[in-house]
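Residue numbers begin at 1 in each chain, while the letters A, B, ... track the order of the sequences.
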Amino acid sequence: MMIESGTAPDASTAGYLIRALCRDGEPTVAYHVLRDVSRKRIIPDVVSITQLISAFSKCGNFGRVSEILHLMIASGSQPDLFTYQEIINALCDGAGRTAMVDEAFRIFNDLKLKGYACDVVTYTTMIDGLCKSGRMEEALLLWSEMVANGIQPNNYTYNAIINGYCKSGNIDHARKLYDEMFSKGFKESTVSSNIMLAGLCLHGRLADAINLFAEMPNKGIHRDVITYNTLIQCLCKEGKTSDAIELYSSMLATSIRPSISTYTPLIMVLCEEGRMTDATELIKILEAQGLEPLVCTNDFIISGFCRVGNAEKGMAWLSRMLQSNLKPRAETMDRLVECLCSLGQVDCALQVVKKMFDISYILGSSVCHLLISKLCGVDSYQVCELLDEIVLVES
DNA sequence: ATAGGGTTAG
């Protein structure tokens with residue numbers, strides 16, 4: 001706009017515009033501004049370009065990130081520690097993406113070679129990324145390196161390592177560091193408590209988890225939605241359904257609003273227990289709160305209805321799923337076919353099979369046997385093998 | 001003149 005109106009923008013105006021566009025969730029427009037002004041040899045400040053890099057990093061568009069980095073360097077501007085920090089952080093984000101953590105680690109090590117003085121935030125980010133991808137040994141090495149460089153771990157660093165120990169199964173080490181953290185003067189917080197709570201839950205230490213939860217207010221630590229969700233999920237997992245529901249009720253009495261992760265484990269366990277009225281009631285409640293069930297919640301519901309022999313409701317939910325373009329799990333479809341067969345509704349079962357083929361699923365072999373035997377009333381082994389071949393050829 | 005960063009569940 002500035003360019004079209006004939007007014008020559010200066011670097012600070014361009015920088016301001018880029019930051020504003022990033023803040024308003026328009027990184028692509030901001031990127032075009034950067035491109036336009038850089039052609040006129042106008043280079044916005046590092047902070048603004050970093051915001052832009054951060055925006056593309058957060059949405060995983062690393063191709064664009066690398067392009068902007070090259071543009072920066074070519075125009076004689078140096079990315080700073082914050083710039084790389086944002087990229088490393090985004091690369092470490094997302095649990096299962098090991099390859100990305102490798103890339104983050106490569107950039108991190110490169111930074112040191114280039115002479116950047118990594119600070120406690122850079123180290124903590126990298127330590128956290130390594131911990132989250134299960135690379136505890138490397139994380140601990142970084143911890144030592146950091147201390148050797150005269151940088152003291154802070155509460156973030158402790159939390160990252162404690163979380164890593166919790167997730168990798170070394171809950172006693174986690175506990176030891178937890179206490180060490182407080183002895184160094186860092187205060188127990190909602191986050192540190194939530195990490196420990198999740199660790200205890202993960203290792204089935206329900207009594208300890210409940211105790212920690214109960215002690216939080218006594219220690220003046222505020223409980224948040226994650227605190228509640230963690231314990232609710234744990235209670236559900238341990239089969240303490242009524243305790244989980246009670247905790248959910250007590251949560252409603254606070255100012256903390258439930259999230260979808262509050263409901264997902266509750267609905268799952270209710271479905272497993274065949275309490276379909278309660279389960280569907282919760283769905284209504286969460287939808288009334290403007291929340292959307294996870295895809296897997298629909299699967300739980302369908303399987304739940306099958307468990308109680310209500311194939312009709314199961315079919316209805318399946319249609320609803322397919323209409324919303326949601327893909328059910330193969331097991332869910334198998335389950336429904338099984339349920340329909342056992343009720344003698346072979347025609348309905350065949351309808352489901354047809355829908356499965358439509359979304360390119362392959363029938364599980366046990367369900368295949370069942371279906372054929374219902375259709376033919378004979379032992380189906382041979383026929384089923386034949387059908388398997390037909391499906392393979394078709395797909 | 002100033003602008004920016006890292007942690008917890010699913």
Have a look at [X] and say if it touches a base, only the backbone sugar-phosphate, or nothing, with a 4.0 Å heavy-atom cut-off.
X        : result
A:Val225 : nothing
A:Asn229 : base
A:Asp45  : nothing
A:Ile226 : base
A:Thr230 : sugar-phosphate

For this output row, return yes or no: ring centroids of A:Phe62 and A:Phe56 closer than 6.0 angstrom. no
Of the listed nucleotides B:dA9, B:dT8, B:dG6, the one nearest the side chain of A:Ile195: B:dT8
Would you indicate which nucleotide in B:dG6, B:dA9, B:dG4 comes nearest to any side-chain atom of A:Val46? B:dG4
What I want to check is whether an N or O donor and acceptor connect the side chain of [X] with the base of [N] at under 3.5 Å.
X        : N     : answer
A:Thr125 : B:dG6 : no
A:Thr50  : B:dG4 : yes
A:Asn154 : B:dG6 : yes

Please say whether more than 12 non-hydrogen atoms of neighbouring residues, nucleotides or ligands are located less than 6.0 Å from CD in A:Glu180. yes
Flag if over 12 foreign heavy atoms under 6.0 Å of NZ, A:Lys176: no
Is the aromatic ring centre of A:Phe82 closer than 5.5 Å to the centre of the six-membered base ring of B:dG4, with the two planes inclined by less than 30°? no
Check whether any side-chain heavy atom of A:Tyr158 lies under 4.5 Å from a side-chain heavy atom of A:Tyr178, and answer yes or no. no
